[in-house]
Amino acid sequence: MDINPSSNSIKENLKDLILVNTKNICTSVNDIKDRLLVSFNLNNSSNGDTKAKEPERRVAHYTKPAVLFNLLKGKNPSKFRLNIVDFMNDPSENQVLTNWLNITNNSDNEIKSFLASFSFNHNSLNQFRLYGNEDNILGSGVSIAFNQSFFGWDTERSINNKKIEMKNNSSFPSYQFDKLKTNSDKIENNNDYSLHSLPLYRCLYFDPKTEYMSLAKRNKQSFYLEMCDEKKETAAIDDEWERYIDALNEEEKIKIIRKQLKEIKKLMEELLEDKELQKIPNLEQLLSLAVLPISCLIKHAAFEDEDECRMIYITHIGDENIVEPQDYQSANSLYVEYTNVENYIDNIYLGPQCKLPHKLWLQNHFKKKLQGKQIKLIKFEMPLR
């Protein structure tokens, strides 16, 4: 590109190029995010049976019994939390996509992602090994199976654009932020932004080296185990599994997402490789912000067996919904509160090494509510070796 940096008209052309490319990137990002939405309506019934149970009708959150206790306790239970991505245990969290795009995440960026993780597999030995262990006892955690009413449907609620715009300062030139609006800007016109109900997204597993991709979904063994518990014949389960895979349409979705990701990369390279545009301050930060809505939904393919889905909330660090630490020991624990959980739980799976007292207090808690919804407790039966 042959340009004269001293020319005002050329400077405007540079701005226009940044805005056009970034707007196109944002459009593709939002489309990918929408394709990853868990709709819960992958009806696996033949003959149009609307009463058939949906294969993705519930998802599981693996956690410690102590966390479950706080979520259920007495008259003042804790609300479910989404935690800030910055303090996640996985050092590659939120970086698989940006590393592949050759852009850098700036930890000083005031726009932050909060998330909560779930799995399509409710009763997984590998998940019990990895998550929710208490007192250093492997497999001592629990799996909380939430039904679809725990989640919302409106993808616009995943990003609090109103708060981001209100709090925006000189981190980005104003012309950039003003024009980077998408369809997700239609937030309620008031100061209160309630987090309930947020949508759920399936993770996209991606290997940057080979560009292999897959979607998070039900694990076949877990699917069969659940259907077997519901007294279904093997042949019927075979048919339901095939209908589920057909309805998911994974191959076609990946084909479209792959094309969109490559287009995003092409648009970014056009900006990043231009010598004059390299002089624009915070350009990489702007581009990392543009892909932020899907950065935390793209995980390395090495974690494919977790079949993870996520609830996300993106906002400014000054959002009043963010809960401040109440003591110094909790200074590395920023989170936002979602809602109380008990009315949204279908089953609770107990890990293979879950302690007997934990099972007893759960039985006591639910059996006392004879007039209310009965939550099923299921003990993991396979031995942990």
Is it true that, when you exclude K73 itself, more than 12 heavy atoms of the residues, nucleotides or ligands shown sit nearer than 6.0 Å to its NZ?
yes

Distance (rounded to the nearest 0.5 Å) between S158 OG and K33 NZ
5.0 Å

Passes side-chain contact (heavy atoms from CB on, under 4.5 Å), F114 versus M311? Steps please.
CA-CA 8 Å; F114 293 78; M311 181 189 290; over 6 Å; no

So, does N364 use its side chain to make a donor-acceptor pair with the main chain of L360 at under 3.5 Å?
no

Checking Q285 against L287 for the side-chain contact (heavy atoms from CB on, under 4.5 Å) test, could you report, in this order, the C-alpha distance in whole Å, the side-chain angles of both residues, the deciding distance, and whether it holds?
CA-CA 5 Å; Q285 193 174 354; L287 296 177; over 6 Å; no

I'd like to know if D86 pairs up with K112 as an ion pair, taking the criterion as any Lys NZ or Arg NE/NH1/NH2 lying under 4.0 Å from an Asp or Glu carboxylate oxygen.
yes

With heavy-atom distances below 4.5 Å as the criterion, would you say the side chains of I257 and I254 are in contact?
no

So, applying side chain to side chain contact (heavy atoms under 4.5 Å, CB included) with V38, which one of Q148, R202, R310 is it?
R202

The test is side-chain contact (heavy atoms from CB on, under 4.5 Å); show your working for L125 and F380 and say whether it passes.
CA-CA 8 Å; L125 178 59; F380 189 87; 3.5 Å; yes

Hey, does the side chain of N347 reach the backbone of A145 with a donor-acceptor pair shorter than 3.5 angstrom?
no

So F40 and F151, would you call those rings parallel, tilted or perpendicular, with 30° and 60° as cut-offs?
parallel

Considering all heavy atoms, the nearest V336-Y313 contact:
CG2-CD2, 4.2 Å

So does K299 pair up with E304, basic N to acidic O under 4.0 Å?
no

With a 4.5 Å limit on heavy-atom distance, are the side chains of L115 and N83 in contact?
no

Any side-chain heavy atom of I348 within less than 4.5 Å of one from K376?
no

Examine distances only and state if a side-chain atom of H61 and a backbone atom of S143 form a donor-acceptor pair shorter than 3.5 Å.
no

Give a yes or no answer on whether the side chain of N219 reaches the backbone of Q221 with a donor-acceptor pair at less than 3.5 Å.
yes

CD1/I264 to OG/S28 distance, rounded to the nearest 0.5 angstrom?
5.0 Å

Do K355 and P65 have side-chain heavy atoms sitting under 4.5 Å apart?
no

Would you please classify the geometry between the F80 ring and the F118 ring as parallel, tilted or perpendicular, with 30° and 60° separating the classes?
parallel

Would you name the heavy atoms of N133 and G139 that are closest together and state the gap between them?
OD1-N, 2.7 Å

Quick one: does N94's side chain have a donor or acceptor within less than 3.5 Å of a partner on C296's backbone?
yes

For the pair K265 and E270, find out whether any cationic side-chain nitrogen is under 4.0 Å from an anionic carboxylate oxygen.
no

Answer with yes or no whether the side chains of D31 and Q260 bring together a donor and an acceptor at under 3.5 Å.
yes

Less than 4.5 Å apart, any side-chain heavy atom of S113 and any of I84?
no

Smallest separation among heavy atoms of A216 and Y205, with atom names:
CB-CE1, 3.8 Å

Can you find a pair of side-chain heavy atoms, one from I345 and one from F146, that are under 4.5 Å apart?
yes

Short N-O contact, E226 and R58, less than 4.0 angstrom:
yes

Least distance between heavy atoms, E276 atom then D274 atom:
N-OD1, 2.9 Å

Could you tell me whether the side chains of N147 and S149 share a donor-acceptor contact shorter than 3.5 Å?
yes

Is Y335 reachable from I314 through a run of hydrophobic residues whose side-chain heavy atoms are each under 4.5 Å from the next?
no

Geometric cation-pi criterion K220 and F223, 6.0 Å radius, 45° cone:
no

Pi-cation contact, F120 with R218 (under 6.0 Å, within 45°)
no

Parallel, tilted or perpendicular: which one describes the rings of H358 and W361, with boundaries at 30° and 60°?
perpendicular

Separation of I159 CD1 from L198 CG (nearest 0.5 Å):
11.5 Å

So for atom CD, which belongs to E324, do other residues, nucleotides or ligands contribute more than 12 heavy atoms lying within a distance under 6.0 Å?
no

Under 3.5 Å side-chain donor-acceptor pair for Y201 and E308:
no

Can any side-chain N or O of S119 pair as donor or acceptor with the backbone N or O of E306 at less than 3.5 Å?
yes

CD1 on I32 to CZ on R35, rounded to 0.5 Å:
8.5 Å

Is the closest basic N to carboxylate O distance between R57 and D346 below 4.0 Å?
no

Do you reckon W153 sits in the same ILVMFWY cluster as V59, going by side-chain contacts under 4.5 Å, direct or chained?
yes

Same cluster for L82 and I317 if Ile/Leu/Val/Met/Phe/Trp/Tyr side chains link at under 4.5 Å?
yes

Interatomic spacing from CE in M213 to NZ in K253 - rounded to 0.5 Å:
15.0 Å

Test of understanding: with side-chain hydrogen bond (donor to acceptor under 3.5 Å, both in side chains), list the residues that count as partners of S197, not counting sequence neighbours.
none

Evaluate the side-chain proximity of T339 to F150: yes if any heavy-atom separation is below 4.5 Å, no if none is.
yes

Greater than 12 external heavy atoms within 6.0 Å of K255's NZ:
no

Looking just at side-chain N and O atoms, do D34 and T155 make a donor-acceptor pair shorter than 3.5 Å?
yes

Looking only at side chains, do E134 and S140 share a donor and an acceptor under 3.5 Å apart?
no

Can you name the closest pair of heavy atoms from Q353 and L138 and give their distance?
CG-O, 3.0 Å

Report the C-alpha distance between I256 and K259 in whole Å, list the side-chain angles of each, state the deciding distance to 0.1 Å, and finish with yes or no for side-chain contact (heavy atoms from CB on, under 4.5 Å).
CA-CA 5 Å; I256 295 171; K259 182 179 179 180; 5.9 Å; no

Which of these, I312, L204, V96, sits in a side chain to side chain contact (heavy atoms under 4.5 Å, CB included) with L297?
I312

From C354 SG over to F128 CZ, what is the distance, rounded to the nearest 0.5 angstrom?
8.0 Å

Closest approach of E211 to R258 (non-hydrogen atoms, all atoms of both residues)
O-NH1, 2.6 Å

Walk me through it: do E240 and Y224 pass the test side chain to side chain donor-acceptor pair (under 3.5 Å)?
CA-CA 10 Å; E240 293 195 24; Y224 273 64; over 6 Å; no

Quick check against the 3.5 Å criterion: does T98 have a side-chain atom that pairs as donor or acceptor with the backbone of Q95?
yes

ring-ring contact (aromatic ring centres under 6.0 Å, His included) filter on H196, not counting sequence neighbours, yields Y338, Y344

CA sep, side-chain torsions, deciding dist, call: D307, N121, side chain to side chain donor-acceptor pair (under 3.5 Å)
CA-CA 7 Å; D307 288 313; N121 304 321; 3.0 Å; yes

